[in-house]
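The sequence lines fix the lettering, A, B, ..., with proteins before strands; numbering per chain opens at 1. Quantities reported herein were computed from a predicted structural model and do not represent experimental measurements.
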Protein chains: 2
Amino acid sequence: MKNISKEDYLSVIFKNLDEEGGIKPNIIASKLVVSNAAVTDMLKKLAKDGLVDYKPYKGIQLTAEGESYARNMVRRHRIWEVFLNEVVGMAWDKVHDEANRLEHSSSDDLINRMEEMLDYPEYDPHGDPIPSKSGRMPKLKKHRPLSDLNEGESGRVIRVNDFDQKFLVYISGIGVKLDEKITVKEKRSFDKSMEVIIKGKPWNISSKIAKNVFIEVK
Amino acid sequence: MKNISKEDYLSVIFKNLDEEGGIKPNIIASKLVVSNAAVTDMLKKLAKDGLVDYKPYKGIQLTAEGESYARNMVRRHRIWEVFLNEVVGMAWDKVHDEANRLEHSSSDDLINRMEEMLDYPEYDPHGDPIPSKSGRMPKLKKHRPLSDLNEGESGRVIRVNDFDQKFLVYISGIGVKLDEKITVKEKRSFDKSMEVIIKGKPWNISSKIAKNVFIEVK
DNA sequence: ATTTTAATTTAAGCATGCTTAAAAATAAAA
DNA sequence: TTTTATTTTTAAGCATGCTTAAATTAAAAT
């Protein structure tokens, strides 16, 4: 029987590694919305499968095999996102959830065909880089969260976090999309909210929003 | 947790109902390649879910809800097949297995979009009819197995069974495809094999092959 | 009608992945 | 350093879907 959850664990681990290449069970549990106990459980299985190095209480790291498996899952996910968006015409804010399911059920052959049809895209619809067949990850241009910009600064959106569909719906609604120019008009220190200008119109956005939109650094 | 196997059971039941709208556990088990015990088990669950009417030892029938669920699964499967074949360019003999996985992981929205892109196809790449969104099934033109044709008769392929990939690879290899003309040159009574002409070339085919290729009746 | 054969169901058990509650280890605060 | 809080792990248990072996029912053959 094919095991979907293992693939989800690997992706989440891969996408949330810290600077030393490790991750805490805590983080995995919250990203996957399962109990810490479930994470411990799965870590043992992944370790037995040779996909992670796991020393109880000590640390979690991907093995070479685990990393390449995870990287391939990320690749599948992001190619699906581009395909759904560009070929099928599915909205920006819907492709993530759909890809989340499809990524577990598609052959490498299908993924490779879609990639070819799309002419080897480097970024998904939210600006995240797509690993190549061989595992190479395109460089992300330098960027910083919108929340870091100071009053008067402006720049173009290069990436947005895609973990919450409602967030995407919301920012689409105010005109945020990749490559769109955003100018910070006012920043309020008490709640870190800001007023920004998008397509000439002013919008008030919370610091939570601003932290999940990334601006290219020139 | 989403349950893939229930969907497989429903599809298999739906596609193998007898004239009275019933089916034997036996058939289900062999189509799904599981034990009879597994079938009994699942039938109880499907009955509890209101998807089948099940009286132990007596009979199995789909409820209205079960039938509509099953019909939708068949729809998903066949739309995926057409899409993979026509849009993604995947070979005739590969789309079945790929669709078998994808059908469980796609939203109705995605299926409907693909259907629209394909301009509402009525038949899948093997000639099987595709239920519409409302559940209506296009009429299959009258047809009979190639094995029924007599010496000298000929006709066009209107459908082939798609349960075995190797079978599809084989018949593709000898030039069988939808709408292709086939003429029966010789029929051997001792093993029911036959010699047929396809694109001017003679081929010997077993009765097993001939039983799974269907010819339009004019 | 009775026996034999075949199909079906029940029973017991396994693996997967989840849960909550309790125990153990680590990290933070006093 | 000791206490307190947090994180992580273990333990026990549940649901799903599968297996094999045994029991039951139905169908076929005599």
Would you call B:Arg75-B:Glu115 a salt bridge at under 4.0 Å N-O? yes
Establish, from distance only, whether the side-chain atoms of A:Gln165 and A:Asp93 form a donor-acceptor pair under 3.5 Å. yes
Could you give the side-chain donor-acceptor pairs of residues 32-44 of chain A under 3.5 Å, partners two or more places apart or in another chain?
from, atom 1, to, atom 2, distance (Å)
A:Ser35, OG, A:Ala38, N, 3.1
A:Thr40, OG1, A:Asn36, O, 3.2
A:Asp41, OD2, A:Lys45, NZ, 3.4

Tell me, for nucleotides 8-14 of chain D in 5' to 3' order, what letter each nucleotide earns: B for a base near a protein heavy atom under 4.0 Å, S for only sugar-phosphate near one, - for neither? BBB----
Ion pair present between B:Asp108 and B:Arg76, side-chain N to carboxylate O less than 4.0 angstrom? yes
B:Ile23 CD1 to C:dA7 P, straight-line distance once rounded to whole Å: 15 Å
Identified side-chain hydrogen bond (donor to acceptor under 3.5 Å, both in side chains) partner of B:His77 from the options B:His104, B:His96, B:Glu7: B:His96
Rounded to whole Å, the NZ-C1' distance (B:Lys6 to D:dC18) equals 15 Å
When rounded to whole Å, the CE to P distance for the pair A:Met42 and C:dC18 reads 5 Å
Does C:dT16 have OP1 or OP2 sitting under 4.0 Å from an N or O in the side chain of A:Ser5? no
Report yes if at least one side-chain N or O of B:Ser35 is closer than 4.0 Å to OP1 or OP2 of D:dC18; otherwise report no. no
Distance check needed: D:dT16 P versus B:Glu7 CD, whole Å only. 15 Å
Output yes when A:Arg71 and A:Glu67 qualify as a salt bridge under the 4.0 Å nitrogen-oxygen rule, no when they do not. yes
